[in-house]
Amino acid sequence: MPELPEVESVRRGLATWLTGSTITRARVLDARILGTTSARNVPAERVVSFERALAGVRVVSVERRGKYMWMPLVSGGLAGDGEAAEVGERALAMHLGMSGQARIHEADNPLHPHTRAVFDVAGPAGVAQLRFVDQRIFGHLGVERLVPGVAGAAGERRLVAESARGAGLDPFEDGFSVPVVARAIARKNVAIKSALLDQRVVSGVGNIYADEALFEAGVHPATRASRLRISRIERVLEAASDVMARALEVGGTSFDALYVNVNGESGYFERSLQVYGREGQPCVRCSTPITRVVLGGRSTHVCVKCQKPQRLR
DNA sequence: CAGCAGACCTGTTGGC
DNA sequence: TGCCAACAGGTCTGCT
């Protein structure tokens, strides 16, 4: 569900509430949230060690690369810190998947039935509760080591949570280079849309913003990346960056209550979408009805007049 | 290694 | 009203 603008909206909210705060207690209500979509069997010891690892730690910051978030941790100064050697080497990792929400509540608020984990936090602003709510459980939580991520354009590597190790830089990061990424995409023998969705190449772009970027750049989603001119791919990347920046300004895209920020508020970018979810409606440029096709197993929205198969290399 | 299909979940919506 | 199929913003694994 959430793509870069939505995750960044959540990250900002979490940063406001959690930076410098101490997690006084962590509780896992559904162990599957600690697994992955393909490794659902989470042993009870993992739940115990997750909860134990977080009790009493302090949140240093809230970081993000693409759709991956993580919070570097330090020992919160509780007694008996025999694990001082690990201070600063671990983070609470959080991925929202398709339906994950991070919500800040007062502790006595009723729990939503899809709440999978609850964190009591205490900070300068008082006490509150961070709740991870996830209807479909495609999201993920974990205490992970911090490791060097992929190298940016200048070769520098930021420390990232282990699950984000393979994610490429996102378009909002320092060091993201449109020409470098465009050349990487040009080497791929897949539909340009599939390349945009490959988080190893550029992270943060999901199904909505891929369709929007390709419309804005006038490129048909099924065009093989390897056959497009580099300048065309660069234009697609710039469009992706632009559309995601505009979406972030209005809090992201919400179709329903499944995407909300930490305060439960929806974003307003849905009204600005030009093709996504507009099957059968007139193209904003030429009035041709928008068509929906399936590409790489994902719904894909295209104006066949504005997005002709491209002039090729 | 690259590319693709399928699996992982729960809920909503639309057609008959 | 009921039932069933299709669909949903993502990622991981295992197979060619």
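Quantities reported herein were computed from a predicted structural model and do not represent experimental measurements. Throughout, a chain's letter reflects where its sequence line sits, starting with A, and its residues are numbered from 1.
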(message) Any donor-acceptor pair under 3.5 Å linking the side-chain atoms of R292(A) with those of S299(A)?
(response) yes
(message) Among Y259(A), F138(A), F132(A), exactly one meets side chain to side chain contact (heavy atoms under 4.5 Å, CB included) together with L96(A). Which residue is that?
(response) F132(A)
(request) Could you check which residues of residues 135-145 of chain A get a heavy atom under 4.0 Å from DNA chain B? Sort them by number, please. (result) Q135(A), R136(A), F138(A)
(message) Please report the distance separating the P of dA5(B) from the corresponding atom of dC7(C), rounded so that it comes out in whole Å.
(response) 16 Å
(message) Could you tell me if Y209(A) and T253(A) have a donor-acceptor pair between their side chains, going purely by distance under 3.5 Å?
(response) yes
(message) Does R292(A) reach a base, just sugar-phosphate, or nothing at all? Heavy atoms under 4.0 Å.
(response) sugar-phosphate
(request) Please report, rounded to the nearest Å, how far the P atom of dG10(C) is from the CZ atom of R32(A). (result) 21 Å
(message) side-chain contact (heavy atoms from CB on, under 4.5 Å), that's the test. Do V201(A) and K188(A) meet it? Break it down for me.
(response) CA-CA 10 Å; V201(A) 186; K188(A) 297 179 75 70; 4.0 Å; yes
(request) Quick one: label F255(A) by what it contacts on the DNA or RNA (base, sugar-phosphate, nothing), any heavy atom closer than 4.0 Å. (result) base
(message) Using heavy-atom distances to pick each residue's nearest nucleotide on DNA chain C, tell me which of V294(A) and R298(A) is more 5'.
(response) V294(A)
(request) Dot-bracket for DNA chain C, please, read 5' to 3', with Watson-Crick or G-U wobble pairs under 3.5 Å on both distances, ( ) within the strand, [ ] crossing, | other strand, . unpaired. (result) .|||||||.|||||||
(message) Just the rounded figure in Å: distance from P of dC12(C) to CG of L96(A).
(response) 14 Å
(request) Go through the side-chain N and O atoms of E270(A) and S254(A) and say whether any donor and acceptor fall under 3.5 Å apart. (result) no
(message) Is it true that K67(A) and S203(A) share a donor-acceptor pair across their side chains at a distance under 3.5 Å?
(response) no
(request) Determine the sole option in R235(A), R246(A), R285(A) for which the salt bridge (Lys or Arg N to Asp or Glu O under 4.0 Å) test with E216(A) is passed. (result) R246(A)
(message) By the 4.0 Å heavy-atom rule, please label N189(A) as base, sugar-phosphate, or nothing.
(response) sugar-phosphate
(request) Could you check whether G206(A) gets within reach of a base, just the sugar-phosphate, or nothing at all, counting any heavy atom under 4.0 Å? (result) sugar-phosphate
(message) Counting the atoms with a prime plus P, OP1 and OP2 as sugar-phosphate, which does F269(A) contact under 4.0 Å by heavy atoms, base, sugar-phosphate, or nothing?
(response) nothing
(message) Expressed as a whole number of angstroms, how long is the span from R165(A):CZ to dC12(C):C1'?
(response) 16 Å
(request) Using whole Å, report how far CG of L197(A) lies from P of dG10(C). (result) 7 Å
(request) Determine the contact category for S299(A): base if any of its heavy atoms lies under 4.0 Å from a base atom, sugar-phosphate if only primed atoms, P, OP1 or OP2 are that close, otherwise nothing. (result) sugar-phosphate
(request) Hey, could you give me the CD/CD1 distance between E238(A) and I233(A), rounded to the nearest 0.5 Å? (result) 12.0 Å
(request) Determine whether V302(A) and V275(A) make a side-chain contact, defined as any pair of heavy atoms from C-beta on separated by less than 4.5 Å. (result) no
(message) Which is more 5' along DNA chain B, the nucleotide nearest G297(A) or the one nearest R200(A)? Just name the residue.
(response) R200(A)
(request) Scan S38(A) against the nucleic acid and name what it touches under 4.0 Å (heavy atoms): base, sugar-phosphate only, or nothing. (result) sugar-phosphate
(request) Could you measure between the two P atoms, the one in dA5(C) and the one in dA7(B), and give it in whole Å? (result) 16 Å
(message) From CZ of R187(A) over to P of dC1(B), roughly how many Å is that when rounded to an integer?
(response) 15 Å
(message) Let's see if you can work this out: which of dG9(C), dC12(C), dC8(B) has an atom nearest to the side-chain heavy atoms of R40(A)?
(response) dC8(B)
(message) By the definition side chain to side chain contact (heavy atoms under 4.5 Å, CB included), identify the one residue from V10(A), T16(A), L14(A), L92(A) that meets it with V62(A).
(response) L14(A)
